[in-house]
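Beneath this line is the structure, given in structure tokens, with notes to follow.
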2 protein chains.
Amino acid sequence: MTEALTAERVLEAAEDTLRRFGPGKTTVVDVARALGVSHGSVYRHFPNKAALRDAVAERWLERVNARLWPLTTADGSATERLRSWLEQLSTTKRLMAREDPELFATYHALATDSRDVIRVHLDTLAGMLARIISDGVSQGEFEVEDPHRAARAVLTATTRFHNPAHAAEWEEPGLDADFEEVWALLLLGLASGRR
Amino acid sequence: MTEALTAERVLEAAEDTLRRFGPGKTTVVDVARALGVSHGSVYRHFPNKAALRDAVAERWLERVNARLWPLTTADGSATERLRSWLEQLSTTKRLMAREDPELFATYHALATDSRDVIRVHLDTLAGMLARIISDGVSQGEFEVEDPHRAARAVLTATTRFHNPAHAAEWEEPGLDADFEEVWALLLLGLASGRR
DNA sequence: AAACTGACAGATATTGACATCTGTCATCGC
DNA sequence: GCGATGACAGATGTCAATATCTGTCAGTTT
């Protein structure tokens, strides 16, 4: 008897297949073939193709989160942590878009039409940011009324650097300069009351 | 003899046709038909289809600019003007996306693959913003080193509210709240040195 | 001569017959 | 009984034949 078919194994096969063929070309039959089972079996673990695709993208988003968590509670001033965190977010996505374009396209497709999953992800990111900003307030670096609202504002204001809709611009030369400009302005805004 | 065929008349017919059929469906032959001429004549005024499409979108962008210029030099504090200007920019695009989706799609297509035209447009917008911010500095409302860099930062940070790539999000309920959050943060950043 | 036409070549889009895919479910084997 | 199967209907995708489009240009009209 072969190893039992689990949702986890399906997810792994789906991710491999998506990476190989891209979101437009992978079929449920392809995923089943990679597992050596009939496609009907895949439907035992996921209600439909969209759910499978979303689950793969969610897994990927969790991996992005995992890279960010350590920075949320790292050493150093809140300013430094905020800066590293934002850079890590941008860099991770940029790298992924370049190195793993097919999986990135899957994530982009998710972002475009499965808004809920993305909202949850953005909430998670905002939570981490709020934590850093909150620390900054305690340490006297920042002064904001509501750290969570400020976190959302920072995320929105840096959309261009992490939202997949802007991936095409990520290879342009002026991008880093643009980031510096936005960073400078946001930092002033957060620290505003302190000067 | 009928009225002479001018680039202007071609542009008008092209805009009407694009509005009717959308950027994906309008052909040069359609535009010529609307004018009652052969499609060869259209090529007397525009070197190719892309140039015609770009010219239509540029005309539209100039109309957006025309709505913004008055606000650049209006009465009131720089803060008020900045706020109205950003609102006008967002509102105009949002309205256009809703009321004239086919023309908006044309503009979006332009933004996606004719980057130069858009860069010029963004420079124009940044110029207006720099003017307002500059005034704010003179009047003691703002304190920034380089108004033009600050202007670019403000534009980038508000991408989500005026970039057509985000048009799908413009009908979501939380959008205005998000704008308020970003606005509050940017304003603090600009006014930072003043408190 | 300047403005326009329409036939043309090559590129792109549309069509419709056919193949594959998605999602369901009665049935099978362990 | 439980997980897996494979046949199935309807939806979606593919492909090659066909039609339309883009861009050019020699020729016509005014």
Side-chain angles (χ1 to χ4, degrees), chain A residues 1-58 101-103 105-106 108-110 112-114 116-117, chain B residues 1-58 102-103 105-106 108-110 112-114 117:
Chain A
M1 185 184 177
T2 65
E3 210 160 336
L5 187 63
T6 62
E8 189 59 27
R9 282 190 61 219
V10 175
L11 271 181
E12 245 140 56
E15 182 170 323
D16 288 348
T17 313
L18 279 165
R19 210 192 310 274
R20 195 123 48 111
F21 302 153
K25 297 285 180 189
T26 32
T27 72
V28 177
V29 175
D30 289 333
V31 176
R33 192 171 14 246
L35 288 160
V37 301
S38 79
H39 76 280
S41 296
V42 171
Y43 283 93
R44 186 155 289 280
H45 298 279
F46 294 92
N48 51 51
K49 192 187 188 178
L52 177 57
R53 186 202 62 187
D54 291 3
V56 170
E58 263 187 272
E102 304 292 21
L103 254 200
T106 301
H108 188 11
L110 178 75
T112 312
D113 52 55
S114 247
D116 294 357
V117 182
Chain B
M1 186 189 178
T2 66
E3 212 160 334
L5 187 62
T6 61
E8 189 59 28
R9 282 189 63 218
V10 175
L11 271 181
E12 245 141 56
E15 182 169 322
D16 288 348
T17 312
L18 278 166
R19 212 193 307 275
R20 194 119 52 109
F21 301 154
K25 296 286 180 186
T26 33
T27 70
V28 177
V29 174
D30 289 332
V31 175
R33 189 166 23 239
L35 288 160
V37 300
S38 78
H39 75 279
S41 297
V42 171
Y43 284 92
R44 184 155 291 280
H45 299 279
F46 294 91
N48 51 50
K49 192 187 186 178
L52 177 57
R53 185 202 63 186
D54 290 3
V56 170
E58 263 187 272
E102 304 293 20
L103 253 200
T106 301
H108 188 11
L110 178 75
T112 312
D113 52 54
S114 247
V117 182

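Protein chains get the first letters and strands the later ones, always in sequence-line order, with residue 1 at the start of each. The model shown is predicted, which means the values in this text are computed figures rather than measured ones.
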Checklist entry - Separation of B:F46 atom CZ from D:dT22 atom P, in whole Å? => result 15 Å
Item to check | Rounded distance (nearest 0.5 Å) linking atom CG of B:L103 with atom CD of B:E15 | outcome: 5.0 Å
Item to check | Exercise: identify the closest heavy-atom pair between B:E102 and B:L18 | outcome: CB-O, 3.3 Å
Checklist outcome for this item: Here the distance between atom P of D:dT5 and atom CG of A:L35, to the nearest Å, is 10 Å
Checklist entry - So what does B:S38 hit on the nucleic acid, given a heavy-atom distance under 4.0 Å: a base, only sugar-phosphate, or nothing? => result base
Checklist outcome for this item: 5'-most contact on DNA chain D (nearest-nucleotide basis), B:K49 vs A:G36, goes to A:G36
Item to check | Side-chain heavy atoms of B:L52 within contact of B:L11, under 4.5 Å | outcome: yes
Item to check | Rounded interatomic separation in angstrom, taking CG from B:N48 and C1' from C:dG10 | outcome: 16 Å
Checklist entry - Can a side chain N or O of B:S41 be found less than 4.0 Å away from OP1 or OP2 on C:dA3? => result no
Checklist entry - A:V37 has a side chain; which of C:dC21, D:dT22, D:dT5 sits nearest to it? => result D:dT5
Checklist entry - Would you say the side chain of B:H39 and the base of C:dG6 hold a donor-acceptor pair, judged only by whether the two atoms sit under 3.5 Å apart? => result no
Checklist outcome for this item: Separation of C:dT22 atom P from A:R33 atom CZ, nearest Å, is 10 Å
Checklist entry - Which whole-number value in Å describes the distance from B:Y43 OH to D:dA26 P? => result 18 Å
Item to check | Given DNA chain C, 5'-ward residue of the pair A:V29 and B:G24, judged by closest heavy atom | outcome: B:G24
Checklist outcome for this item: Rounded to whole Å, the CG-P distance (A:D30 to D:dT12) equals 18 Å
Checklist entry - When the distance from NE2 of A:H45 to P of C:dT24 is rounded to whole Å, what number comes out? => result 15 Å
Next on the checklist: So, taking the atom named CG in A:N48 and the one named OH in A:Y43, what distance separates them when rounded to the nearest 0.5 Å?
Outcome noted: 7.5 Å
Item to check | Atom-pair distance (CZ on A:R44; P on D:dC2), nearest Å | outcome: 10 Å
Checklist entry - Does OP1 or OP2 of C:dT20 have a side-chain N or O of A:K25 closer than 4.0 Å? => result no
Checklist entry - Side-chain donor-acceptor pair under 3.5 Å between B:D30 and B:T17, yes or no? => result no
